Amino acid sequence: MRCYHYALCCPQSWAQQGTQPHSIKIEGDITLGGLFPVHARGPAGVPCGEIKREKGIHRMEAMLYALDQINSDPDLLPNITLGARILDTCSRDTYALEQSLTFVQALIQKDNSDVRCSNGEPPIIPKPERTVGVIGASGSSVSIMVANVLRLFAIPQISYASTAPELSDKSRYEFFSRVVPPDSYQAQAMVDIVKAMGWNYVSTLASEGNYGESGVDAFLQISREAGGLCIAQSIKIPREPKPGGFDKIINRLMETSNARGVIIFANEDDIRRVLEAAKRANLTGHFLFVGSDSWGAKISPILHQEEVAEGAVTILPKRASIDGFDGYFTSRSLENNRRNIWFAEYWEDDFKCKLTRPGIKYEPGRRKCTGEERIAQDSQYEQEGKVQFVIDAVYAMAHALHSMHRDLCPGSMGLCEKMDPVEGRKLLQYIRSVSFNGSAGTGVMFNENGDAPGRYDIFQYQLSNTTNPGYRCIGQWTNHLRLNAEEMQWSGGDSVVPDSVCSFPCELGERKKMVKGVPCCWHCELCDGYQYQLDELNCNMCPFDMRPFPNRTGCRPTPIIKLEWSSPWAIIPVFLAVLGILVTSGCIVTFIRFNDTPIVRASGRELSYVLLTGIFLIYLITFLMIAEPSAPVCGLRRILLGLGMCITYSAMLTKTNRIYRIFEQGKKAVTPPPFISPASQLIITFILVGVQLLGIIIWFGVVPPHTIIDYDEQRPPNPEFARGVLKCDMSDLALVLCLSYSIVLMVTCTVYAIKSRGVPETFNEAKPIGFTMYTTCIIWLAFVPIFFGTAQSTEKLFIQTTTLTVSMSLSATVSLGMLYIPKVYVIIFHPEQNVQKRKRSFRAVATTVTTQLSHKEDKQNGESKGSAIVPDRSQ
């Protein structure tokens, strides 16, 4: 019978743990090592303490999950199975170093010539497994210790959590890579955060060791290079602090109480003790912590210290929850997860029960596990934050091996001689060349130092004024900071960023004038007028179409105003216009319905329809004047603004001119004057309207209609009252010119109405037209001072538009009321008066007029109340 001898015995520390298992072994063609903090650091004399459910078991299971995924993927390492040897570091660097000797035992040359079995025969020595690469470790101090050993044996190492900048030094840690960014990126992000919050006077806290000290050193170096940031105190937390040590740290921080911002690179235990000391000192809400990824979004450092931690801003490498892992892990049970030798211990801790295991004494006061418990159903479960990075680290190693196999073993099914064994230095080259989309969809790659790109989420712990107290993502950092300041919340629910400055911030609208030689102190100078604060040191003028924010931190677009439909300035004109359109439409419908009745024919049907059309257009222009300016609206404004009045007063002028010429001719002769027929009257009216249209066409050709935003019209010294006026390209002068032709027609019509005032009422419409023109002139005489007298008013746009539209509507209403409402009233309510009268020839009319005019000294104009007998104009 042959004996077996193991050249490398199990580490002594395992024996100190009683029955605690040593490692997990997964068989495969290629073996990867794994280092995870399955247990916490034990008390003095004991290497390992209690199990770490999230940072230990979750991460370790993530590696097993990744191996399962890779081994079942036909496209990645086909016909090659990845195995693993997974060890527990117990969160202690010295213990991890001792454990990691397992990875190099196959590379250690041993002399076994003097080893003999009891029967004198040479022993059968099993060939030790060869580890080609290591996934881990977690803590930077552990990774540094292990990397020193693995470098000697050229074994590549990919960490999923170690972030110390020291590990980027390839002269010392040549075979080390990581899928998380180094703390130098993190330190840059923290400097950016401090600057974004306006702080220039902060203190730093660091746990003694590589992680804390190197992180603070990187922060100090970057802050010096960036400038504008002063360090009040830089305090180191001892590895083994003495009683009362944290109270002394708080007292030291209070020596520079203005430096409320505290940059903290520390482990979870130190963070918790700092918060406890601040609470004992009754300084809740005073310190403003900016924590590194060791704080991240964890609950354990702030448990029972939530009030002190409120407002703390923390940073964490950008990560995502891996749904596939959730499904995998929550389906684990004691029956299907026997390969995890620590799973029973996790089960007991997670479900607060006790399993019956050999050598373990049953505790009577503790519930016995049934084995039927289910993760996430019978216990709380939340995926640990570094699971994504563990999976990415395993896949990075797998992709490197895949590329290596493709190049060295083309067409080979399984491993070939060139990869048996795998050469570590060559594998390292393939690791540094990998580039793929990781488990969260983000790119996984390494730079020349083996570091991953810097991608961070920024969190803030919020307690007040929120339905779900806890960490809230307030920004990201990917080479530059994107911080949502409006989502930040501080102690007591305050949204204003507290001060941590040497000199207090300048007031709104002031820039900093730095004091020479003291970069954190300054005097304040006002940025006045339309200047904004370009940066902390300079003011600059806003562009002409913008105005500064109230706090002068930048420029914002100047508000654009226009007349809104809901404005009181618009409601009255619209009401008048709608009422006028309804009445005008009623008159038109009535005239059409009773088109052949005597009153309609006697009023001159053709010109009446033209005149009513003009009145309708006058009412219609109100809607165009209030509508939002655009090129079509501006074009229609140009056309209709003067056209409606032009049509109305052209028709009215033609009427008064016809009446005047008829009765003037009647004084001289009995022959009728020329151009008094309906067709002639229409031609004259259209010629007069054509002049207006010709002017509009020329205007369109010279200056096409368009909108403008006038920023000069309302630009007072106070930029808060600055407004841009959206309007058509029609100045006050252009508006007057557009209406000037209509005004000339109006005045001319008024002149003819005055001249015709002596014509007997029995024979004409002159008096209603005269009253219409007198009233219209009064309206427009009132319009001019109101329109031009408000040129400097802040309500100029509203007042002028309302004045113009109301004046036009009143003019149309006067014309409608004087000329057509009485006729419609008679037609509808007194049809007995709408009958045919005896026709008379022009000679008879002229004789009658001459006779009546000869007695005008004895009678007042217009007092005769007889029935109107006029020639039938339709004949």
Side-chain angles (χ1 to χ4, degrees), residues 183 186-187 189-207 211-212 215-216 219-220 223 229 231-237 246-247 249-316 456-464 469-475 477 481 483 485 488-494 496-501:
D183 287 336
Q186 184 175 192
M190 295 172 82
V191 169
D192 291 346
I193 292 171
V194 168
K195 284 185 167 293
M197 292 189 292
W199 298 349
N200 63 11
Y201 199 48
V202 298
S203 297
T204 64
L205 277 178
S207 289
Y211 173 79
V216 165
F219 180 86
L220 296 177
S223 64
L229 185 60
I231 307 301
Q233 297 197 63
S234 187
I235 303 174
K236 184 188 299 184
I237 303 173
F246 286 94
D247 294 326
I249 289 174
I250 295 298
N251 291 335
R252 283 190 58 188
L253 290 174
M254 286 304 296
E255 292 174 2
T256 51
S257 58
N258 278 358
R260 297 178 62 189
V262 179
I263 312 303
I264 182 166
F265 279 85
N267 58 51
E268 295 180 35
D269 290 339
D270 288 345
I271 294 170
R272 184 175 64 254
R273 293 172 186 173
V274 167
L275 296 178
E276 289 173 351
K279 187 175 183 179
R280 284 194 300 271
N282 198 27
L283 292 173
T284 298
H286 176 79
F287 292 113
L288 312 169
F289 294 101
V290 178
S292 62
D293 63 344
S294 61
W295 186 333
K298 299 173 185 173
I299 297 298
S300 55
I302 63 171
L303 192 61
H304 307 306
Q305 315 297 330
E306 290 83 356
E307 294 82 4
V308 185
E310 184 178 9
V313 177
T314 60
I315 190 169
L316 196 62
Y456 295 96
D457 283 326
I458 313 298
F459 294 90
Q460 187 183 40
Y461 186 75
Q462 297 181 356
L463 194 61
S464 303
Y471 294 98
R472 180 175 182 179
C473 185
I474 58 170
W477 190 92
L481 178 66
L483 192 66
M488 301 183 76
Q489 189 178 107
W490 304 91
S491 179
D494 193 359
V496 178
V497 180
D499 296 322
S500 183
V501 296

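What you see is a predicted model; the values in this text were computed from it and never measured.
When every heavy atom of Ser300 is checked against every heavy atom of Glu268, the shortest pair comes out as OG-OE1, 2.7 Å. When all heavy atoms of Ala297 and Leu316 are compared, the closest pair comes out as N-CD2, 4.2 Å. For the pair Ser203 and Ala259, the tightest heavy-atom approach, listed with the atom from each and the gap, is OG-CB, 4.0 Å. Between Pro469 and Leu463 the shortest heavy-atom distance is CB-CD1, 3.8 Å. Nearest approach of Ile474 to Gln460, heavy atoms of both residues: CD1-CB, 3.9 Å. Here the closest heavy-atom approach between residue Gln233 and residue Glu255 is recorded as NE2-CB, 3.9 Å.
Side-chain N/O atoms of Trp295 and Tyr471 include a donor and acceptor closer than 3.5 Å. No hydrogens or angles considered: a donor-acceptor pair under 3.5 Å links the side chains of Tyr211 and Asp293.
Under the 4.5 Å side-chain criterion, counting only non-hydrogen atoms from C-beta, Arg472 is not in contact with Met488. No side-chain heavy atom of Glu276 sits less than 4.5 Å from a side-chain heavy atom of Val308. Between Ser234 and Val216, some side-chain heavy-atom pair lies under the 4.5 Å cut-off. Counting heavy atoms from C-beta on, the side chains of Ile315 and Phe459 never come closer than 4.5 Å. Looking at heavy atoms from C-beta onward, Ile231 lies in side-chain contact with Phe219 at the 4.5 angstrom threshold. Using a 4.5 Å cut-off on side-chain heavy atoms (C-beta onward), Phe289 and Val274 make contact. For the pair Thr204/Val262, no side-chain contact is recorded, criterion being any heavy-atom separation below 4.5 Å from C-beta on. Two residues are said to be in side-chain contact when any heavy atoms from C-beta on lie closer than 4.5 Å; Arg280 and Ile250 fail this criterion.
If you take CG on Leu283 and CG on Leu275, they are separated by 12.0 Å, rounding to the nearest 0.5 Å. With values rounded to the nearest 0.5 angstrom, Arg272 atom CZ is found 9.5 Å from Phe246 atom CZ. In this structure, CD on Glu310 lies 13.5 Å from CD on Gln305, to the nearest 0.5 angstrom.
Between Lys195 and Asp192 no salt bridge is recorded (no basic side-chain N to carboxylate O distance below 4.0 Å). Look at Asp499 and Arg260 and you find no salt bridge, because none of the NZ, NE, NH1 or NH2 atoms lies under 4.0 Å from a carboxylate O.
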### Query
How far apart are the C-alpha atoms of Met197 and Val290, what are their side-chain angles, what is the distance that settles it, and do they pass the side chain to side chain contact (heavy atoms under 4.5 Å, CB included) test?
CA-CA 11 Å; Met197 292 189 292; Val290 178; 4.2 Å; yes
### Task
Please assess Phe265 against Met190 for the test side chain to side chain contact (heavy atoms under 4.5 Å, CB included), listing each intermediate value before the final yes or no.
CA-CA 11 Å; Phe265 279 85; Met190 295 172 82; 3.4 Å; yes
### Message
Val501 vs Asn258, test: side chain to side chain contact (heavy atoms under 4.5 Å, CB included). Steps then yes/no.
### Response
CA-CA 6 Å; Val501 296; Asn258 278 358; over 6 Å; no
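Looking only at distances, no side-chain donor or acceptor of Gln462 sits under 3.5 Å from a matching main-chain atom of Gly470. Judged by distance alone, with hydrogens and angles left aside, the side-chain atoms of Ser500 form a donor-acceptor pair with the main-chain N or O of Gly261 at under 3.5 Å. The backbone N or O of Glu306 sits nowhere less than 3.5 Å from a side-chain atom of Tyr461 that would complete a donor-acceptor pair. Checked by atom type and distance alone, the side chain of Ser207 pairs as donor or acceptor with a backbone atom of Asn267 at under 3.5 Å.
Considering Thr314, Ile264, Leu205 in turn, Ile264 is the only one that fulfils the side chain to side chain contact (heavy atoms under 4.5 Å, CB included) rule with Ile271.
Ring-plane geometry between Trp199 and Trp490 is classed as tilted, the angle between the planes lying from 30 to 60 degrees on a 0 to 90 degree scale.
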